[in-house]
Amino acid sequence: MAALNPRKPTEARGKTLSIHVVTWNVASAAPPLDLGDLLQLNKDNLNLDMYVIGLQEMNCGIMSLLSDTAFEDPWSSFFMDVLSPLSFVKVSSIRMQGLLLLFFAKHQHLPFVQILSTKSTPTGLFGYWGNKGGVTICLKLYGYYVSIINCHLPPHMANNDQRLEHFDRILEMQNFEGQDIPNILEHDFILWFGDMNFRIDDFGLHFVRESIKNRCYSDLWEKDQLSIAKRHDPLLREFQEGPLLFPPTYKFDKNSNNYDTSEKKRKPAWTDRILWRLKRQPQANPPTQRLPAPHFCLSLRSYVSHMMYCISDHKPVTSTFDLELKPLASAPLITLIPEGLWTMENDMLVSYSLTPDFLSSPWDWIGLYKVGLRHINDYVSYVWVRDNQVSFSDGLSQVYFNTSNIPETEDQFLLCYYSNSLHSVVGISKPFKIQPGSLAEDPLGEAQPHL
């Protein structure tokens, strides 16, 4: 109807983003050979846009941490190997000892994902040790504020009060002083998950195991410590969770689906959880006229555990969400256009236009990538926009690319404009090919841009 009515002003069209969330305490294990079920790669009609992956208890021995500092850790590398051929790019990550948080997005979403902050909140020994606590990625997604928290709270049945204290402390520490970012409780969407370590009160081991065996979970829900806490804590009650229709995910004998058979015989519990919170909309008095709130709603498509994975004493848990929103930012800040036919014989031109409110920096750069890039530093070549600029007029700029160091290939390429001040990709081109030609080896001798 809008197309038939030329007088109607154009509005940003609604968009649905499918987000798959993974939480897994991996108990220092290496990645298994196949993570297709965990990542839902076997579902053809899923059409995911983003992955949010949080791990706890990664191997954090001295040698492992030193190796992971110099190179990508094995889990991050594994996820990138699996997801990059499907056009997912690792946009951001943060690690604190055994805690790891990864955020992947399809490359077409990159200009609309702005990473605002990453933060570690240790709550371990004396409140300073990072074996417990949370790691956070704060971002703007199509103009909306989103915070993602992966946490590992204190263990053991008797430490429930301590768990709740750590939950509150992690939330309180998500301040962004000196940055133009609102308080986390004003963010449009908070996604909080991890090994929360909440246990099942009162019932004995035999009753719990029999209830699990008979799939009678309702009695166990009533004594789940997190469910009880939400009934008494108004703020915690604002965090929603899907129904626990899967067996408790802890504690298993490794390499099996048997609950703990050791001398301790720990009682099974839903320790691994995925919660979310949407921003509360202010309630207007009936006489008060106000604009409708931006369209932003979330629906849960699935909340399941994955019993097939046995490398840990925990089973992984995943959720798939559909996030419906009206983009507050519907056009990229930069529009990139590779000029003419690119060959490997000559310097080539890239034209780009800036929106009026975008402030460029001398440290901005344009990267040339093969389609299927793993992360933003996975460029084939790059140019600094100021050093290689050849013309500028009325918001349109041109820079040149030296193609002599580009490997001859039939692969498709992308151009991405990286803003140093926004710490994000703000423009991306359509895929294109570079025609083969004479190739001269000329490796770059200057300092490479790095995030």
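Heavy atoms only: backbone and side chains are in, while hydrogens, waters and symmetry mates are out.
Side-chain contact between M348 and I434 is absent, with no heavy-atom pair separated by less than 4.5 Å. At a threshold of 4.5 Å between non-hydrogen side-chain atoms, the residues S18 and N47 do not count as touching. Between V52 and L102 there is no side-chain heavy-atom pair separated by less than 4.5 Å. At a threshold of 4.5 Å between non-hydrogen side-chain atoms, the residues L35 and W24 count as touching. At least one side-chain heavy atom of E410 sits under 4.5 Å from a side-chain heavy atom of K433. Looking only at side-chain heavy atoms (C-beta outward), V350 and L336 come within less than 4.5 Å of each other. A heavy-atom distance below 4.5 Å is not found between the side chains of Y352 and I337. Contact annotation: the side chain of H375 never approaches that of S84 to less than 4.5 Å [non-hydrogen atoms, C-beta and beyond].
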Taking it one step at a time, do V91 and V425 satisfy side-chain contact (heavy atoms from CB on, under 4.5 Å)?
-> CA-CA 9 Å; V91 181; V425 170; over 6 Å; no

Could you go through the salt bridge (Lys or Arg N to Asp or Glu O under 4.0 Å) check for D195 and R273 one step at a time?
-> CA-CA 7 Å; D195 179 2; R273 313 290 276 268; over 6 Å; no

So F296 and K279, side-chain contact (heavy atoms from CB on, under 4.5 Å) or not? Walk me through it.
-> CA-CA 10 Å; F296 190 91; K279 180 181 175 181; over 6 Å; no

Which is it for I366 and V385 under the side-chain contact (heavy atoms from CB on, under 4.5 Å) test, yes or no, and what are the steps along the way?
-> CA-CA 7 Å; I366 298 174; V385 293; 3.7 Å; yes

Check the pair L275, L226 against side-chain contact (heavy atoms from CB on, under 4.5 Å), reporting the backbone distance first and the verdict last.
-> CA-CA 11 Å; L275 312 177; L226 177 56; 4.1 Å; yes

Test R301 against S319 for side-chain hydrogen bond (donor to acceptor under 3.5 Å, both in side chains), laying out the working first.
-> CA-CA 7 Å; R301 196 189 298 184; S319 283; over 6 Å; no

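When all heavy atoms of Y217 and L245 are compared, the closest pair comes out as CE1-O, 3.7 Å. The two residues V82 and L39 come nearest to each other via the heavy atoms CG1-CD1, 3.9 Å. For the residue pair S330 and F112, the shortest heavy atom distance occurs at C-CE2, 3.7 Å. Counting all heavy atoms, side chain and backbone alike, N131 lies closest to G124 at OD1-CA, 3.5 Å. Taking each heavy atom of W75 and P32 in turn, the nearest pair found is CH2-CD, 3.7 Å. The two residues L300 and P243 come nearest to each other via the heavy atoms CD2-CD, 4.4 Å.
Atoms CG and CG, from N150 and L99 in turn, are 5.0 Å apart once rounded to the nearest 0.5 Å. The CG atom of L244 sits 9.0 Å away from atom OG1 of T249, with the distance rounded to the nearest 0.5 Å. Between H107 atom NE2 and I376 atom CD1 the span is 11.5 Å, to the nearest 0.5 Å. Here the CE atom belonging to M58 is positioned 12.5 Å from the CE atom belonging to M96, to the nearest 0.5 angstrom. We find the CZ-OG1 distance between R163 and T271 to be 9.5 Å, quoted to the nearest 0.5 Å. With rounding to the nearest 0.5 angstrom, the CD1 atom of I115 is 4.0 Å from the OG atom of S92.
Stacking of K140 on the aromatic ring of Y145 is recorded, both the 6.0 Å distance cut-off and the 45° axial limit being met.
Checking D322 against T16 by side-chain atom types alone, no donor-acceptor pair falls below 3.5 Å. Of the N and O atoms on the side chains of S302 and Q40, not one donor lies less than 3.5 Å from an acceptor on the other residue. Looking at E57 and N25, their side chains do bring a donor and an acceptor atom within 3.5 Å of each other. Checked by atom type, the side-chain pair Q174/S117 shows no donor-acceptor distance below 3.5 Å. At a cut-off of 3.5 Å, with distance as the only test, no side-chain donor of Q389 or Y400 sits close to an acceptor on the other residue. Between the side chains of S360 and R386, at least one donor-acceptor pair of N or O atoms lies under 3.5 Å. No hydrogens or angles considered: a donor-acceptor pair under 3.5 Å links the side chains of Y142 and H109.
Under a 3.5 Å cut-off, the side chain of S76 and the backbone N or O of E72 do not form any donor-acceptor pair. Looking at T123, its side chain does come within 3.5 Å of a backbone N or O of G133 through a donor-acceptor pair. Proximity of a side-chain donor or acceptor of D378 to a complementary backbone N or O of Y369 within less than 3.5 Å is not detected. Using a distance-only test at 3.5 Å, with no hydrogens or angles considered, no donor-acceptor pair links the side chain of Y51 to the main chain of F88. In this structure, S429 contributes its side chain and L415 its backbone to a donor-acceptor pair below 3.5 Å. Side-chain atoms of D224 do not come within 3.5 Å of backbone N or O of F198 as any donor-acceptor pair. A donor-acceptor contact shorter than 3.5 Å links the side chain of K315 to the backbone of M307. For the pair R237 (side chain) and K230 (backbone), a donor-acceptor distance under 3.5 Å is present. Proximity of a side-chain donor or acceptor of S424 to a complementary backbone N or O of V426 within less than 3.5 Å is not detected. Under the 3.5 Å distance criterion, the side-chain polar atoms of H20 are matched with a main-chain donor or acceptor of L38.
The ring pair (Phe, Tyr, Trp, His ring centres under 6.0 Å) test applied to Y250 returns H314, not counting sequence neighbours. Considering only residues two or more places apart in sequence or on other chains, T335 meets the side-chain hydrogen bond (donor to acceptor under 3.5 Å, both in side chains) condition with none of them.
Checking each of L185, T121, L236 against L171 for a side-chain contact (heavy atoms from CB on, under 4.5 Å) leaves exactly one that passes, namely L185.
The aromatic rings of H187 and F176 lie parallel to each other, their planes meeting at an angle below 30°, with 60° marking the opposite boundary. Taking the six-membered ring where the residue is Trp, Y382 and W384 present perpendicular rings, their angle passing 60° and hence far from 30°.
Remark: aromatic rings of W365 and Y417 are distant, center separation not under 6.0 Å. Proximity of the aromatic rings of W192 and F239 is defined here by a centroid distance below 6.0 angstrom, and this criterion is met.
Ionic pairing of E324 and K15 is not present here: no N-O contact between side-chain nitrogen and carboxylate oxygen is shorter than 4.0 angstrom. Looking at K254 and D313, no side-chain N of the basic residue comes within less than 4.0 Å of a carboxylate O on the acidic one, giving no salt bridge. By the 4.0 Å N-to-carboxylate-O rule, K370 lies close enough to D411 to be salt-bridged with it.
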